[in-house]
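A note on names: the letters A, B, ... follow the listed sequences, proteins ahead of strands, and every chain is numbered from 1. From a predicted model like this one, the values you see are computed outputs, not experimental measurements.
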Amino acid sequence: MRPVLEITNLNVGFPDGTAAVRGVSLQVMPGETHCVVGESGCGKSVTALSVMNLLPRGARRSADVMRFHDHDLTRMADRHIARLRGDKMAMIFQEPMTSLNPAYTIGSQMAEVLERHRHVSRAKGLDRAAELLGKVGITAPGMRLGQYPHQLSGGLRQRVMIAMALMCDPELLIADEPTTALDVTVQAQILRLLKSLQQQLGLALLLITHDLGVVARMAQRVSVMYAGQVVESADAKALFAAPAHPYTRGLLDCVPIPGKTAPGEPLGSIPGVVPRIGEGYVGCAFRDRCAYAAPACKGEIPRNRLSPDHETICTRSGA
Amino acid sequence: MIEVKNVFRHFESRSGLFSERRVVRAVDGLSFSLESGDVLGIVGESGCGKSTLGRLILGLMPPSAGEVLIEGQSLITLDRRERARLIQPVFQDPFSSLNPRQRVREIVGLPLAAQGALSAAKQRDAVMDMLARVGLSDAMADRFPAQLSGGQRQRVAIARALVLRPRIVVCDEPTSALDVSVQAQILNLLADLRKDLGLTYIFISHNLAVVEHVATEVAVMYLGRFVEHGPAAPLFATPRHPYTRALLASVLTPEPGVPIPDVGLGESYPDPSNVPAGCRFHPRCPMAIDRCRSDTPPTEPRDGRVTECFLAA
Ligand SMILES: Nc1ncnc2c1ncn2[C@@H]1O[C@H](COP(=O)(O)OP(=O)(O)O)[C@@H](O)[C@H]1O
Ligand SMILES: Nc1ncnc2c1ncn2[C@@H]1O[C@H](COP(=O)(O)OP(=O)(O)O)[C@@H](O)[C@H]1O
Ligand SMILES: [Mg+2]
Ligand SMILES: [Mg+2]
């Protein structure tokens, strides 16, 4: 089976010298959820925006391979990528109001997507919109079509965003922290929805999150990012059963878990802060925070294959 | 230590020029007390009144009705300096609560200077001692907030809150803006400081796992009331209120293969300017019976726990 999305050696730099993404490679297979997880500033959003060709002006992007199905995204003209965007590859963001226009009704914004990409009539577009609002669990979709974004709660807006992203039957959905701004109760509802839609529609889902709980419940594959690199990638079960990179393990130890971590006892924690990574940075960016740091960590860091689908970048070659 | 007696805080709001005035019932008749050395964790969805309650306890805002007593004294009768020695806040966003033009040593020294009781030398010593306790090196004392990471800024905010050695600290979402690795550092620090300095915490968070980790008492807040309130361990072991159970079910622990729960709360969202009659949770409750729509649920404790629910037998 060929991946829906394939990225090899993606690098993104900004004019101020920040190396935001450094040699990221990942693949998303049809019908699969691939989670990218890491703390703020590690390059998750920049990776997603690279795929969608939505990087801010001035950003420099290079990749050996960046392919969506048969489309070579590294060579495609901007206007051609723009045509794919919102059509066969769609994206939803943390804050729905960044993509919803407060001045237009939900119905007209959703119908517009279909008009733009499929040149269908407004009436047909509204039918499709109502159908999808129903599908994302919104009762009385007909009434919602006539409402404005500010009339909806945060959870409903995020459902509308998901419905809108599905208007053209995308094959790839990129969701960048889609539930981070929501209450936990609503987060659970939205994630359940995403998962069931993904299974029904056979979507390839690239799900970006900082929350290992979300990863555990959603992912088939996981890429753990730190300072612009994928430091560990694995099948989700393997990753949680035997996390290999010291950063991944550190992250898992930091999370309080009801019934598991003992109340009142200290949590595991990772000392220090993420370093600033500029162009030409050499060595492991985690070494100053790592309990296993050794002199070799200042040099080139090897890529280790622990099993056919479990890799780390670390001087410690095993678990 | 803290006694909250039938406290209300309502806000008037008007959504448009001609729309009718609405009353937001942010805190809606709360009574509880807290012993010295305890950590009261307050959880609930956004808008349920957690921060408003925090501000009432801090004396930053008067209640619409009822009273808050700290060590038997009404906050209203205390002046600012007395209050500052008794109770201090730590807020979510350390950046907006720190003056960007002041150095760390000035920020942490300000509460001492406002008291005016110490010589300059003693004040400097107290500041440096506090910075060391929160894990900031001497070199940090001369930095400005913009030169610090999020975790370091929160340490500064904690140092400022503790430099007067208050008895009580109200922490309002102190780690919500931080990455998990930094959250763990700050939670560990707060736990150490509590032991070392004998502090009592009110710990507000929307993260139930964090509250379970830090709290000795837990209050689950919904539309301005504690719908379940009692000692932490039994409450987490046997949650009685359907809302507490829904919140607990929503915590996504990092266990692969476990499905995402159906929390069963439906689509409706609570609105504090339109509090339902009967049990305020009934429109979202998967177990609601007729009585829940009309009658006020019980408020008497059983085994030291209050559960405002008819069905929580
Ligand atoms: N427009 C920009 N100009 C300069 N640096 C940027 C810009 N956007 C993002 N960055 C930097 O790129 C890095 C990765 O950012 P991002 O992908 O947004 O992180 P994440 O989504 O993982 O939190 C960060 O160091 C961030 O400061
Ligand atoms: N100063 C204020 N004026 C008007 N309404 C307010 C004010 N402060 C809070 N509210 C309202 O009171 C309710 C509870 O708010 P808050 O205490 O901030 O909740 P939480 O901290 O649990 O998210 C919300 O509906 C909020 O909009
Ligand atoms: Mg991001
Ligand atoms: Mg709040």
Side-chain angles (χ1 to χ4, degrees), chain A residues 38-42 137-139 152-156 159 182-189 191-192 194-195 210-219 222 236-241 247 250-274 289, chain B residues 39 43-48 148-152 177-189 191-192 206-216 232-233 236-237 243 246-271 284:
Chain A
E39 295 178 290
S40 53
C42 69
I138 292 181
T139 50
L152 307 181
S153 71
L156 278 177
R159 283 177 199 258
L182 303 174
D183 278 310
V184 286
T185 47
V186 183
Q187 159 166 291
Q189 292 173 330
L191 291 177
R192 269 176 74 86
L194 270 178
K195 197 164 191 170
H210 66 278
D211 184 339
L212 284 160
V214 172
V215 176
R217 306 302 182 92
M218 294 291 287
V222 187
K237 284 203 191 73
L239 185 96
F240 285 96
Y247 177 63
L251 268 188
L252 280 165
D253 286 344
C254 289
V255 187
I257 304 175
K260 288 248 173 75
T261 43
E265 293 295 308
L267 292 166
S269 68
I270 303 174
V273 294
V274 183
R289 310 176 73 187
Chain B
V39 179
V43 285
E45 290 163 303
S46 54
C48 71
L148 305 177
S149 70
Q152 288 167 334
L178 304 174
D179 277 315
V180 283
S181 65
V182 184
Q183 163 172 287
Q185 294 172 7
I186 297 294
L187 293 178
N188 289 343
L189 172 67
D192 290 344
H206 66 276
N207 185 328
L208 218 66
V210 166
V211 166
E212 198 232 21
H213 190 75
V214 302
T216 60
F236 279 101
Y243 181 61
L247 279 185
L248 262 173
S250 316
V251 176
L252 301 180
T253 50
E255 299 168 284
V258 178
I260 298 161
D262 179 3
V263 290
L265 292 184
E267 209 186 307
S268 70
Y269 206 68
D271 173 3
R284 295 172 85 194

Under a 4.5 Å heavy-atom cut-off, does chain A meet the side chain of B/N207, its backbone, both or neither? neither

To the closest 0.5 Å, what do you measure between CG (A/L267) and CD1 (B/I186)? 12.0 Å

Grab the two heavy atoms, one from B/P270 and one from B/R284, that are nearest each other, plus how far apart they are. CD-NH1, 3.5 Å

Quick check on B/Q183 against chain A: is it the side chain, the backbone, both or neither that has a heavy atom closer than 4.5 Å? side chain

Segment of A/V274 engaging chain B (4.5 angstrom heavy-atom cut-off): neither

Contact class of A/E39 relative to chain B, heavy atoms under 4.5 angstrom: both

Does any backbone or side-chain atom of B/S149 lie under 4.5 Å from a heavy atom of chain A? Answer side chain, backbone, both or neither. side chain

Calculate, to the nearest 0.5 Å, the distance between atoms CZ and CG belonging to A/F240 and A/L212 respectively. 5.0 Å

Leading residue by heavy atom contact count with chain B [cutoff under 4.5 Å; candidates A/V215, A/L252, A/I138]: A/I138

Looking at chain A, which one of B/S250, B/S181, B/G44 has the largest number of heavy-atom pairs inside 4.5 Å, strictly under? B/S181

Pairwise distance CD1(A/I270) to CD(B/Q185) - rounded to 0.5 angstrom: 8.5 Å

Nearest heavy-atom neighbours spanning B/V258 and A/R217: O-CD, 3.0 Å

What part of B/L187 gets within 4.5 angstrom of chain A, counting heavy atoms only: side chain, backbone, both, or neither? side chain

So, the part of A/R159 with a heavy atom under 4.5 Å from chain B: the answer is neither

Picking from A/T139, A/V214, A/L182, A/L191, which has the most non-hydrogen pairs under 4.5 angstrom with chain B? A/T139

Under the rule for side chain to side chain contact (heavy atoms under 4.5 Å, CB included), what residues qualify as partners of A/A236, not counting sequence neighbours? A/A219, A/V222

Can you tell which part of B/V251 gets under 4.5 Å to a heavy atom of chain A, answering side chain, backbone, both or neither? both

Atom NE2 of A/H210 and atom CG of B/D179: how far apart are they, to the nearest 0.5 Å? 7.5 Å

Please determine, among B/P259, B/P261, B/A246, the option with the most heavy-atom pairs under 4.5 Å with chain A. B/P261

Side chain from CB out, backbone as N, CA, C, O: work out which of these in A/V273 comes under 4.5 Å of a heavy atom of chain B, or both, or neither. side chain

Donor-acceptor pairs under 3.5 Å, side chain of residues 254-266 of chain A to any protein atom, not counting sequence neighbours: which ones?
{"unit_1": "A/K260", "atom_1": "NZ", "unit_2": "B/E255", "atom_2": "OE2", "d": "3.0"}
{"unit_1": "A/T261", "atom_1": "OG1", "unit_2": "A/I257", "atom_2": "N", "d": "2.8"}
{"unit_1": "A/T261", "atom_1": "OG1", "unit_2": "A/I257", "atom_2": "O", "d": "3.0"}

What are the two closest non-hydrogen atoms of A/L194 and A/M218, and how far apart are they? CB-CE, 4.1 Å

